[in-house]
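Chain letters run A, B, ... following the sequence lines, proteins first, then strands; residues in each count from 1. Only heavy atoms go into these numbers, but all of them, side chains included; no hydrogens, no water, no symmetry mates.
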There are 2 protein chains.
Amino acid sequence: MALAEAILVCLTDRPMSGYDLAKTFDASIGFFWRASHQQVYRELAKLRERGLVKSSEIEQSGKPNRIVHTITTAGKNALKSWSQKPSRVPSVKDELLVKLYALEHVDIPALREQLEVRLDHHRAILNAYHKIKERFYDGKDLTISEQGKHIALTMGIRSEKEMIKSYEEALVMLGQVGS
Amino acid sequence: MALAEAILVCLTDRPMSGYDLAKTFDASIGFFWRASHQQVYRELAKLRERGLVKSSEIEQSGKPNRIVHTITTAGKNALKSWSQKPSRVPSVKDELLVKLYALEHVDIPALREQLEVRLDHHRAILNAYHKIKERFYDGKDLTISEQGKHIALTMGIRSEKEMIKSYEEALVMLGQVGS
DNA sequence: AACCCATATGCACATAATTGCATAGTTAAA
DNA sequence: TTTAACTATGCAATTATGTGCATATGGGTT
């Protein structure tokens, strides 16, 4: 399971609390691997047990104390050996495509609306990607670490653009159905 | 959960056994919603309990008996009302992108190989899509049901093509890393 | 004053998915 | 002749995810 490794990857950047990690999984690395805060906290406990991170509580007044997690040497080794194992093809599960596939048995106006919603979603993500790209990567000398993130981002941008075109095309094709 | 509905969609085409369904989830509808045979059998039991399919055993000599499942009127109604509910955005979980993202902490030759494997995978799927498109949809008058499948297939083809380009580009960019 | 939002961590329960196993006959290839 | 692949269904155990809740405080809005 790669949630563990995704967390370790985040911690190579800097030590973080569960709360920080949960936010990260809602943005940057979350573009490639999604996780909720409950998943993050549970996985952190396991990582600590396995000795891949070490955790220390930091006193705060007012707010609850932060527990900050740091990747250990064992954690870095685990990342390296994970990187050598084959990566699974992510399994496709898209209700919207199933609905399109089942066009005859479906409420078409409702489906059109869902396609519009999905379209907006991908436009928003593309926008977010573009902003990150401009802000952090365009016209700069990149370190190896930044180059990796830049490549991943570039792939994301391409795929979002294409999904947008796909959904637009699907809406056009849907408009012609039955005619 | 849409596994139930994906099964019902398959059964609108014709009554099928669990085995037939499992094969279908490895091809056609499986391009949009993946499921293993264990998942299919378990879900069929639930669908039968809920009265959305009815099942009848067919005697066979030699092979084990087939249990053939037919969608009921309640099942068709369930499909219609499902189609009106909003569709979830599929949650992204791609180890390979996480590895790219974590380039600095990763074995790069191993990563290149995994990208090649992924590339082959998407080329194979694109090929399968093209064959289906030619065989069943190109240059034909399509029923509404076929139009839906055709739109879904067209989206699949576009996205596979683009993923192939993405991975090719990533390999080129990886080749320049550090230089 | 009442309400929501952000910070911060986590339990408990429920649902979903994966992995490995079990059974059992037929057909075709090595 | 053994081996493997295909047909056909399913249980058990484990792992992964999702949903709802619980707690605690400060700051800003209505």
Side-chain angles (χ1 to χ4, degrees), chain A residues 1-7 10-11 15-27 30 33-50 53 55-69 82 85-95 98, chain B residues 1-7 10 15-27 30 32-50 53 55-69 82 85-95 98:
Chain A
M1 201 247 336
L3 173 57
E5 286 84 5
I7 289 175
C10 294
L11 295 181
M16 280 195 242
S17 69
Y19 189 78
D20 295 335
L21 281 164
K23 276 193 297 181
T24 306
F25 275 91
D26 231 49
W33 195 280
R34 283 250 146 224
S36 65
H37 86 269
Q38 294 90 341
Q39 252 180 297
V40 169
Y41 282 113
R42 244 174 320 184
E43 199 61 39
L44 277 170
K46 286 186 206 164
L47 286 169
R48 197 169 43 218
E49 262 179 55
R50 291 165 62 198
V53 305
S55 314
S56 58
E57 200 162 348
I58 290 176
E59 300 275 331
Q60 294 193 134
S61 56
K63 293 170 219 164
N65 292 344
R66 286 164 60 83
I67 298 171
V68 172
H69 310 274
W82 163 73
K85 280 184 227 147
S87 303
R88 288 206 185 165
V89 180
S91 88
V92 194
K93 266 166 215 276
D94 193 336
E95 285 189 75
V98 175
Chain B
M1 201 245 339
L3 173 57
E5 286 84 5
I7 289 175
C10 294
M16 281 195 242
S17 69
Y19 188 79
D20 295 334
L21 281 163
K23 277 193 297 180
T24 306
F25 275 91
D26 231 50
F32 315 116
W33 194 281
R34 285 250 145 222
S36 65
H37 85 269
Q38 295 90 338
Q39 255 179 296
V40 168
Y41 282 112
R42 243 175 318 172
E43 198 61 40
L44 277 170
K46 286 187 206 163
L47 285 170
R48 197 169 43 218
E49 263 179 52
R50 292 165 61 198
V53 304
S55 314
S56 58
E57 201 162 348
I58 290 176
E59 301 276 328
Q60 293 193 135
S61 56
K63 295 169 216 164
N65 292 342
R66 287 162 59 82
I67 298 171
V68 173
H69 310 272
W82 163 72
K85 280 185 228 147
S87 304
R88 288 205 187 166
V89 180
S91 88
V92 194
K93 265 167 215 279
D94 192 337
E95 284 189 75
V98 175

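- Proximity of a side-chain donor or acceptor of A/Glu95 to a complementary backbone N or O of B/Ser87 within less than 3.5 Å is not detected.
- Nearest nucleotide to the B/Lys46 side chain, out of D/dA8, C/dT7, C/dA16: C/dA16.
- Side-chain atoms of A/Arg42 and base atoms of D/dA16 include no donor and acceptor less than 3.5 Å apart.
- In this model, the phosphate group of C/dG10 is not approached by any side-chain N or O of A/Tyr41 to a distance below 4.0 Å at OP1 or OP2.
- A donor and an acceptor atom never sit less than 3.5 Å apart when one is taken from the side chain of B/Arg88 and the other from the base of D/dG18.
- In this structure, A/Ser17 reaches the sugar-phosphate backbone alone: every heavy-atom distance under 4.0 Å involves primed, P, OP1 or OP2 atoms, never a base.
- A donor and an acceptor atom, one from each side chain of A/Trp33 and A/Glu5, are nowhere located under 3.5 Å apart.
- A salt bridge links A/Asp26 with A/Arg34: at least one charged nitrogen is closer than 4.0 Å to a carboxylate oxygen.
- The side chain of B/Lys23 lies closest to D/dT7, out of D/dT7, C/dA8, D/dT9.
- If you take NE2 of A/His37 and C1' of D/dT19, they are 11 Å apart, rounded to a whole angstrom.
- As rounded to whole Å, 14 Å separates atom C1' of C/dT9 from atom CD1 of A/Ile58.
- For the pair A/Asn65 CG and C/dG10 C1', the computed distance is 14 Å after rounding to whole Å.
- Here the P atom of nucleotide D/dT17 and the CD atom of A/Glu43 are 8 Å apart, to the nearest Å.
- Distances were taken from every side-chain heavy atom of A/Arg66 (C-beta onward) to each of D/dA16, D/dT9, C/dA8; the shortest belongs to C/dA8.
- Between B/Phe25 atom CZ and D/dA8 atom P there is a gap of 18 Å when expressed in whole angstrom units.
- One atom, CE of A/Met1, and another, C1' of C/dT18, lie 13 Å apart when rounded to the nearest Å.
- Distances from the side chain of A/Ile67 to the nucleotides C/dG10, D/dT7, D/dG10 place C/dG10 closest.
- The phosphate of C/dT9 (OP1 or OP2) has no side-chain N or O of A/Tyr19 nearer than 4.0 angstrom.
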A/Leu21 and A/Tyr41: CA distance, side-chain angles, deciding distance, side-chain contact (heavy atoms from CB on, under 4.5 Å) verdict: CA-CA 9 Å; A/Leu21 281 164; A/Tyr41 282 113; over 6 Å; no

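- Between C/dT7, D/dT17, D/dA8, one nucleotide has an atom nearer to the side chain of A/Gln39 than all others, and that is D/dT17.
- For the pair A/His69 and A/Leu44, the tightest heavy-atom approach, listed with the atom from each and the gap, is NE2-CD1, 3.5 Å.
- Ranking C/dA8, D/dA8, D/dT19 by closeness to the A/Gln38 side chain, first place goes to D/dT19.
- Taking atom CG of B/Leu21 as the reference point, atom P of D/dA8 lies 12 Å away to the nearest angstrom.
- Remark on DNA chain D: of its neighbouring residues A/Trp33 and B/Gly18, the 5'-side contact belongs to B/Gly18, judged by nearest-heavy-atom nucleotide.
- Per the geometry, NE2 belonging to B/His69 stands 12 Å off P belonging to D/dA8, to the nearest Å.
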